[in-house]
Amino acid sequence: MKEKIANLILNAATSAYEKGDLPSAEFSEIEVEVPKIESHGDFSTNIAMIMASALKMPPRKIATAITKNLIDQKEMLANTEIAGPGFINFFLKASSWHPILRKIHAEDSRYGAADLGKGKKIQVEFVSANPTGPLHVGHGRGAAVGDSVANILRFCGYDVETEYYINDSGRQIETLGRSVFLRYKELYGMDVQFPQDYYQGDYIRDFAKEIKSLGGKALLEQDEEKSVSDCARFAARSITAQIRQDLTDFGVTYDKWYSEQSLYDAGTVSAVIDDFKNKKIIYEKDGALWFKTAEFGDEKDRVVVRQNGQTTYFASDIAYHRNKFERGFERVIDVWGADHHGYIQRVAASIQASGHQKDQFNVILVQLVNLLRGGEPVAMSTRAGEFVTLSDVVSEVGRDAARFLFLTRNYESPLDFDLELAKQKTNDNPVFYVQYVHARIASILRKGKERGIQHINWEDESVATLKALEEINLIKTMSRYPEVIKSSAVNMEPHRLTFYLMGLASDFHAYYNKHRVLTDDPLLSHGRLYMVTAVQKVIRNGLTLLGVSAPEKM
RNA sequence: GCGCCUGUAGCUCAGCUGGAUAGAGCAACGGACUUCUAAUCCGUAGGCCGCAGGUUCGAGUCCUGCCAGGCGUACCA
């Protein structure tokens, strides 16, 4: 619709120039937007103001020249006006909106899809929590954001692959192994000192017990370091499996699970280090190896191999990100917790050092989640009885409510997640508000069927009955859906879609309360059913991209 | 100290990349269920958009400087 208006303006300006009403027909891109205020029309353009300085003409005069030359071939317009400093406002006839409905029905679950990506290979990596403990709420937010960003980009024509990076190597895994082994020793009555910085949770004891029941005291009879690494592998593997299950329960599945250890096994890490040494961007100082990240905009250089010969986490991350590009991704998106923001520069540095562009690497920094219950903060400790894990939250409030709530905020803002609120079935909790629309329409359709209405399709006469204010509003809102999708994709901001759906839901509920869909007038009922099923499709379409279900009944 | 994020109605947040008179929900107050699901709707009230400058036809939005809060600033991940 916007493009049609823009074309109208373009043609009008050109013919104004040909007739000599305007000194030039050169202008930048025509911006057409939906005014905030209804009385300013359905669409508005500021083109006259933009052109004013170049043409050295007062904006209102330019606007007059353009409106005078408008040729409304399809008779879409009811009226135009020049307002304020030089806006041109367009008022459309109600019937101009009707074809949108046909489009929605025709495109169905593809309505709103755009080919922004043109098949470009893009990777979205998210959550990637260390396999040293269960996922918490913060990871849930990352999962909700990452998964729906991936969905939206895929919907917009990108070839998207989602990935979970398993940090199954390095010091934290070793500590995990030592923690389990110590608990294992305890089971055999050995006197052990359990350090503060080891993993304290009860699940560590459970692993020890499992290992004992599986293999008895075998671990005491072999080399201690071997036992530690056996414990580490056992624990990491089962925690990873649990994480995978928790995410599945949350509705998130990945295309690929990628192991950090595999980078070492394949020699990728040492290959990158050698390569960077050759390029003279890795040097030795104080017995450690440093990467010159400062040359790429980081505050200072960073260590990749410690004095003791061990590589840092950063070293494998360099290899990992290089590997991503080697796998053919043209763009790589990482979803990280805000507490990792200091890490962006150095990873970006490594990507540039590997010969890729800065803008091929995007980080979505998701701010922290504060868990509340009835307005009171829930202590994020492992004390018994307190809900801290993602799986606890999901089983208490439900998958849909949790996912939707995570997306009701720009990810750049910290989020208060209130467990009581999430369970409430009121307007305070917008998931149900949106889902209710879908269920209500499903109910109308069931009733319609009882009355013998089977086929709901486009009929000129019945669609023509749609001219109530609330009906036109609904259709207008639906016509904006493709733009919302597009801007969510470009900005990687799923919350735009969330808010749009709440708005559409609001329009629908208002309509529902004022008008009946099934009336005594068959023509009218049919037209309204046609429209309402379109609403249902848009709602379902949007909820699906957010990873939220669209129920037939509530 | 430096870096990133945030500051909009009493509370929780939007604000379409610079547009006209700043919008929702909750809470408050007043209304609407014999009718397709009241998990809904309608109305009233509520604002120095943190503060001060600047950029321009035009700023909640961009720039600079302050103020406040969160996070980060490892040879941890």
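Residue numbering restarts at 1 for every chain, and letters A, B, ... go by the order of the sequence lines.
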When all nucleic acid strands are considered with a 4.0 Å heavy-atom cut-off, which category describes [X]: base, sugar-phosphate, or nothing?
{"X": "K514(A)", "value": "nothing"}
{"X": "H515(A)", "value": "base"}
{"X": "A52(A)", "value": "nothing"}
{"X": "N89(A)", "value": "base"}
{"X": "A288(A)", "value": "base"}
{"X": "K486(A)", "value": "nothing"}
{"X": "Y512(A)", "value": "base"}
{"X": "H509(A)", "value": "sugar-phosphate"}
{"X": "Q367(A)", "value": "sugar-phosphate"}
{"X": "N410(A)", "value": "sugar-phosphate"}

Under a 3.5 Å cutoff, is there a donor and acceptor pairing between the side chains of [X] and [Y]?
{"X": "Y264(A)", "Y": "T311(A)", "answer": "yes"}
{"X": "E81(A)", "Y": "N89(A)", "answer": "yes"}
{"X": "Y511(A)", "Y": "N473(A)", "answer": "no"}
{"X": "H321(A)", "Y": "D334(A)", "answer": "yes"}
{"X": "D301(A)", "Y": "Y283(A)", "answer": "yes"}

task = May I ask you to decide if the ring planes of Y320(A) and Y165(A) are parallel, tilted or perpendicular, using 30° and 60° as cut-offs?
result =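 Aromatic pair Y320(A)/Y165(A) classed parallel.
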query = Angle class for the H136(A)/H139(A) ring planes (parallel below 30°, perpendicular above 60°, tilted otherwise)?
reply = tilted
ask   = Which atoms form the tightest heavy-atom contact between G177(A) and C231(A), and what is the distance?
value = O-CB, 3.6 Å
task = Locate the shortest heavy-atom distance separating A65(A) from L22(A); write the atom from each residue and the value.
result = CB-CD2, 3.9 Å
Check the distance between [N]'s [atom2] and [X]'s [atom1] and give it to me in whole angstrom.
{"X": "K300(A)", "N": "G1(B)", "atom1": "NZ", "atom2": "C1'", "answer": "14 Å"}
{"X": "H341(A)", "N": "C71(B)", "atom1": "NE2", "atom2": "P", "answer": "12 Å"}
{"X": "F314(A)", "N": "A74(B)", "atom1": "CZ", "atom2": "P", "answer": "14 Å"}
{"X": "Q345(A)", "N": "U73(B)", "atom1": "CD", "atom2": "C1'", "answer": "13 Å"}
{"X": "F404(A)", "N": "C13(B)", "atom1": "CZ", "atom2": "P", "answer": "16 Å"}
{"X": "H526(A)", "N": "C36(B)", "atom1": "NE2", "atom2": "P", "answer": "21 Å"}
{"X": "W336(A)", "N": "G72(B)", "atom1": "CH2", "atom2": "C1'", "answer": "13 Å"}
{"X": "R302(A)", "N": "A77(B)", "atom1": "CZ", "atom2": "P", "answer": "13 Å"}

Strictly below 4.0 Å: does [X] bring a side-chain N or O up to OP1 or OP2 of [N]?
{"X": "Y313(A)", "N": "A77(B)", "value": "no"}
{"X": "K36(A)", "N": "A20(B)", "value": "yes"}
{"X": "Y433(A)", "N": "C41(B)", "value": "yes"}
{"X": "R451(A)", "N": "C36(B)", "value": "no"}

key: Worked check of salt bridge (Lys or Arg N to Asp or Glu O under 4.0 Å) between E33(A) and K2(A)   = CA-CA 7 Å; E33(A) 54 174 32; K2(A) 258 187 194 176; over 6 Å; no
For the [atom1] atoms, the ones on [N] and on [M], what distance do you get once it is rounded to whole angstrom?
{"N": "G70(B)", "M": "G65(B)", "atom1": "P", "result": "22 Å"}
{"N": "C16(B)", "M": "G7(B)", "atom1": "P", "result": "13 Å"}
{"N": "U6(B)", "M": "C13(B)", "atom1": "C1'", "result": "13 Å"}
{"N": "A45(B)", "M": "G31(B)", "atom1": "C1'", "result": "15 Å"}
{"N": "C63(B)", "M": "C4(B)", "atom1": "P", "result": "12 Å"}
{"N": "A39(B)", "M": "C62(B)", "atom1": "C1'", "result": "43 Å"}
{"N": "A22(B)", "M": "A14(B)", "atom1": "C1'", "result": "11 Å"}
{"N": "C26(B)", "M": "U35(B)", "atom1": "C1'", "result": "30 Å"}

query = For F276(A), which residues count as a ring-ring contact (aromatic ring centres under 6.0 Å, His included) partner, sequence neighbours excluded?
reply = F291(A)
key: Of V490(A) and G342(A), the one whose closest RNA chain B nucleotide lies more 5'   = V490(A)
query = So which one's nearest nucleotide on RNA chain B is more toward 5', T519(A) or N46(A)?
reply =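 That would be N46(A).
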task = Determine, for Y512(A) and R440(A), whether the Lys NZ or Arg CZ falls below 6.0 Å from the six-membered ring centre while staying within 45 degrees of the axis.
result = yes
Residue R409(A), side-chain atoms from C-beta onward, closest of C41(B), C13(B), A77(B) =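 The listed nucleotide nearest to R409(A)'s side chain is C13(B).
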request  = Determine which bases of RNA chain B form Watson-Crick or G-U wobble pairs with both distances under 3.5 Å, and write the result as a 5' to 3' dot-bracket string with | for other-strand partners.
outcome  = (((((((..((((.....[...)))).(((((.......))))).....(((((..]....))))))))))))....
ask   = Any idea if C66(B) is syn or anti, going by the 90°-from-0 cut?
value = anti
query = Among residues 494-501 of chain A, which contact RNA chain B at a heavy-atom distance under 4.0 Å?
reply =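 By residue number: H495(A), R496(A), F499(A).
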